[in-house]
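In listed order, ligands and their atoms are each counted from 1. None of these values were measured; they are calculated from a predicted model.
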Amino acid sequence: MRLMDAQKPFIIAGPCSVESREQLNAVVSALAQMPQVSMVRCGVWKPRTRPGGFEGLGEKALRWISDLTQKLRAEGLRPLPFACEVATPQHVELVMRYGLSAVWIGARTTANPFMVQELTEAIRGTGLTVLVKNAPSPDVRLWMGAIERCRQVGLSEVIAVHRGFDVLKNGGYRNHPLWEVPIELRRVMPDISIVTDPSHIAGRRELLQEVAQWAMDLGFDGLMLEVHPHPDEALTDGRQQITPEGLKELLGKLVLRQTDGGMADKELRLMRGQIDRIDDQLLRLLASRLEVSGEIARVKAQSNLAVFQPKRWESLLQQRLSTAEELHLEPEFVKGIFEKIHAESVRVQQERLSRAEKDVEKSE
Ligand code: PEP
Ligand code: MN
């Protein structure tokens, strides 16, 4: 059975890093008593962006994990499956030696297909479940590529982890969620489970609930959350970690959604029909608008005017934004749409212009 089939939402919780035997035992004993938690996460190799800080306890931490699993069994508690990050084939070998059930490929590793290839070959045939975090850059193909490499070597359970993206305007997040990227992953790889990691997206605990709820609202399959017995004393990622109590509260407040319609199906079908008709109208309007742009190109060509007229663009945008305000539409959203429309209009006009010039050359 795949680990992911255990329950939905699939909750993975645990410390950013294993720091001591006491810390590990305290957090895992608490998690083992929470029926919603299906897997424990804990980092044991933690190279930081710059050297010199806490870098993880490596094999020693793996030994504690293996001892703890036996202790939980002996106490009749659930022996939760453990996952840790691996970045080299040697890490995979050690994880196997200490009996962990799953590994994750970290964001920085996913960005490097050489390393992903080496790792997947080392994982081949081990039976480990593999979680693939998205690369820091918002390129769904890198994420897909790493998942495909896992599949190519026949790994039986591969799960995508959405941990947000490193972008210039981070919108107050540590890593912007850019929900459109996991939504695109779902479209192109519908059979891959997606687990959202609110901790690395949010970067601070106040935002976790909201991000976790968004993931549920979008119908994603689970959450990965960092949990520490004393978050403010954590050696890594302290601002975003919560206590086991905090996790209980967060999960308790989470509103779970159905992924298929049930009773709402009929009503939804009607509304989706409306949306389809509106989208059809939008597309037809866009086509008419671009036709007029083409005509404008002809007039500009006759008067030898530049295609791009900055003053006109500025006043058009301001007018659209003021209409948007009246209609209670988000200004950034409307601005983004008109930037796209304007860019396409400029492209169409340039194309017409160069075509018209070629025709003149030919006739000369
Ligand atoms: C982590 O999960 O602790 C971690 C380092 O994550 P990421 O690779 O997403 O930065
Ligand atoms: Mn972390």
Please list the nearest protein heavy atom to atom 8 (O) of ligand 1 with its residue and the distance rounded to 0.1 Å.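 Answer, as residue, atom name and distance: A107 N, 2.9 Å.
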
I need the nearest protein heavy-atom contact for atom 3 (O) of ligand 1: residue, atom name and distance, please. K46 NZ, 2.7 Å

If I compare all heavy atoms of F165 with all of P138, which pair ends up nearest, and what's the gap? CD2-CA, 3.4 Å

Between F220 and T196, what is the shortest heavy-atom contact and its length? CD1-OG1, 3.7 Å

Does the side chain of Q152 come under 3.5 Å of the side chain of E148 through a donor N or O and an acceptor N or O? no

Would you say the side-chain atoms of D237 and H228 include a donor-acceptor pair closer than 3.5 Å?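 On atom types as modelled, these side chains do not qualify, holding no pair under 3.5 Å.
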
For [X], counting its heavy atoms only, list the atoms of ligand 1 lying under 4.0 Å from any of them.
| X | answer |
| --- | --- |
| R163 | 7 (P), 9 (O), 10 (O) |
| H200 | 1 (C), 2 (O), 3 (O), 4 (C), 6 (O) |
| W104 | 1 (C), 2 (O) |
| E85 | 5 (C) |
| C16 | 3 (O) |

Without swapping roles, check the side chain of Q241 against the backbone of A234 for a donor-acceptor pair under 3.5 Å.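 Here the side-chain-to-backbone pair does not exist.
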
Just by modelled atom types, is the I341 backbone N or O under 3.5 Å from a matching donor or acceptor in the S345 side chain?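 Absent.
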
For ligand 1, indicate whether the residue M224 contacts it via side chain, backbone, both or neither (heavy-atom separation under 4.0 Å). neither

Work out the angle at the Mn ion (ligand 2) between NE2 of H200 and OD2 of D237, rounded to 10°.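 That angle is 90°.
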
Look only at interatomic distance and state if [X] has a nitrogen or oxygen under 3.5 Å from any nitrogen or oxygen of ligand 1.
| X | answer |
| --- | --- |
| G106 | no |
| D237 | no |
| K133 | yes |
| R41 | yes |

Is there a heavy atom in G43 that sits closer than 4.0 Å to ligand 1? no

Less than 4.0 angstrom from a charged side-chain N to a carboxylate O is my criterion; do R108 and D166 meet it?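 So R108 does not pair with D166 through a salt bridge.
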
Does a side-chain N-to-carboxylate-O contact under 4.0 Å join E93 and R97?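 Yes, this pair counts.
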
Check the pair D276 / R269 against salt bridge (charged side-chain N to carboxylate O under 4.0 Å, His left out), numbers first and verdict last. CA-CA 10 Å; D276 290 346; R269 242 197 323 272; over 6 Å; no

To the Mn ion (ligand 2), the closest N, O or S atom belonging to E226 is OE2

Using a 4.5 Å cut-off on heavy atoms from C-beta on, say whether the side chain of V181 contacts that of W143.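 Side chain of W143 against side chain of V181, heavy atoms only: contact under 4.5 Å found.
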
